[in-house]
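First comes the structure, then the notes that go with it.
Each residue takes its place number in the sequence, starting with 1. Both counts, for ligands and for their atoms, begin at 1 and track the order of listing.
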Amino acid sequence: MNKIEHIAIAVKSLDESIPLYEKLLGTPCYKKEEVESEEVNTAFFKTGESKIELLESRSKDGIINRFIEKKGEGMHHIAFAVDDIIKEILRLKAAGFEFINEEPKRGADNQLICFLHPKTTNGVLIELCQDAPII
Ligand code: ZN
């Protein structure tokens, strides 16, 4: 795996959290994107080689709101950049890791993504992502 691509933080409200993170990081939000497949609105900040991704639920009972109800706002997942997502999935499956989705899907910010199941990664939700601009 390559660098940490992004760290994602579950928030109740992007409107409130974007100015907070702009102040914290000293850098403007460079992109907002709706990801309907994941029922989330996202906002991105550049921090060196990596990004911070804020996640807000698009619906009352969406994944992010259910996460916040259980655990409160906070870190949701860590994403690692990979060159070949299919190859990494096969490597990790052979090593005994379980996936939430084994078929990569299109995520925010021009990435192909998949998630490992946190039960096989010490409770941390881990995302793999491969740059895949829409041509
Ligand atoms: Zn992510």
Side-chain angles (χ1 to χ4, degrees):
M1 291 190 205
N2 304 334
K3 65 178 183 184
I4 292 176
E5 214 279 335
H6 61 269
I7 293 176
I9 296 165
V11 303
K12 288 181 187 159
S13 157
L14 283 186
D15 285 343
E16 286 176 24
S17 296
I18 287 172
L20 179 75
Y21 273 81
E22 287 180 333
K23 215 188 304 177
L24 174 74
L25 301 169
T27 183
C29 168
Y30 72 90
K31 187 186 215 177
K32 286 171 77 175
E33 191 176 341
E34 299 169 5
V35 186
E36 285 195 20
S37 64
E38 300 289 316
E39 298 182 317
V40 294
N41 295 322
T42 64
F44 289 93
F45 304 84
K46 287 202 169 85
T47 53
E49 285 209 313
S50 303
K51 303 169 195 162
I52 296 291
E53 175 185 28
L54 301 182
L55 298 170
E56 170 196 74
S57 201
R58 286 172 60 83
S59 62
K60 211 172 153 287
D61 53 358
I63 301 166
I64 294 303
N65 268 358
R66 276 185 276 141
F67 175 89
I68 290 173
E69 269 166 33
K70 254 197 276 177
K71 300 187 176 175
E73 291 180 297
M75 212 193 80
H76 185 261
H77 64 267
I78 299 177
F80 292 96
V82 299
D83 295 325
D84 182 339
I85 196 166
I86 300 290
K87 209 166 123 189
E88 278 300 300
I89 290 169
L90 293 176
R91 181 181 75 81
L92 292 168
K93 272 175 71 179
F97 292 95
E98 288 180 31
F99 283 79
I100 292 173
N101 64 302
E102 289 180 18
E103 284 285 315
K105 54 188 174 183
R106 200 159 270 285
D109 213 18
N110 298 323
Q111 301 282 322
L112 278 177
I113 63 168
C114 69
F115 286 97
L116 277 83
H117 200 292
K119 75 180 175 192
T120 57
T121 53
N122 291 122
V124 180
L125 181 58
I126 290 180
E127 176 184 354
L128 306 180
C129 43
Q130 178 192 327
D131 249 337
I134 300 164
I135 303 161

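- Glu69 has no carboxylate O lying under 4.0 Å from a charged side-chain N of Arg66, or vice versa, which leaves the two without a salt bridge.
- The distance from the Zn ion (ligand 1) to the nearest N/O/S atom of His76 is not under 2.8 Å.
- In this structure the side chain of Phe45 reaches within 4.5 angstrom of the side chain of Leu54, judged on heavy atoms.
- When distances to the Zn ion (ligand 1) are checked against a cut-off of 2.8 Å, Glu5 contributes no N, O or S atom below that limit.
- Glu127 has its closest N, O or S atom to the Zn ion (ligand 1) at the position named OE1.
- A tilted orientation is assigned to the rings of Phe44 and Tyr30, their planes being inclined by 30° to 60°.
- Distance check for His6 against the Zn ion (ligand 1): an N/O/S atom falls below 2.8 Å.
- Closest N/O/S atom of Glu53 to the Zn ion (ligand 1): OE1.
- Side-chain contact of Gln130 with Asp83: a donor-acceptor pair under 3.5 Å is absent, judged by distance alone.
- In the model, Glu53 has no side-chain atom that pairs as donor or acceptor with a side-chain atom of His76 under 3.5 Å.
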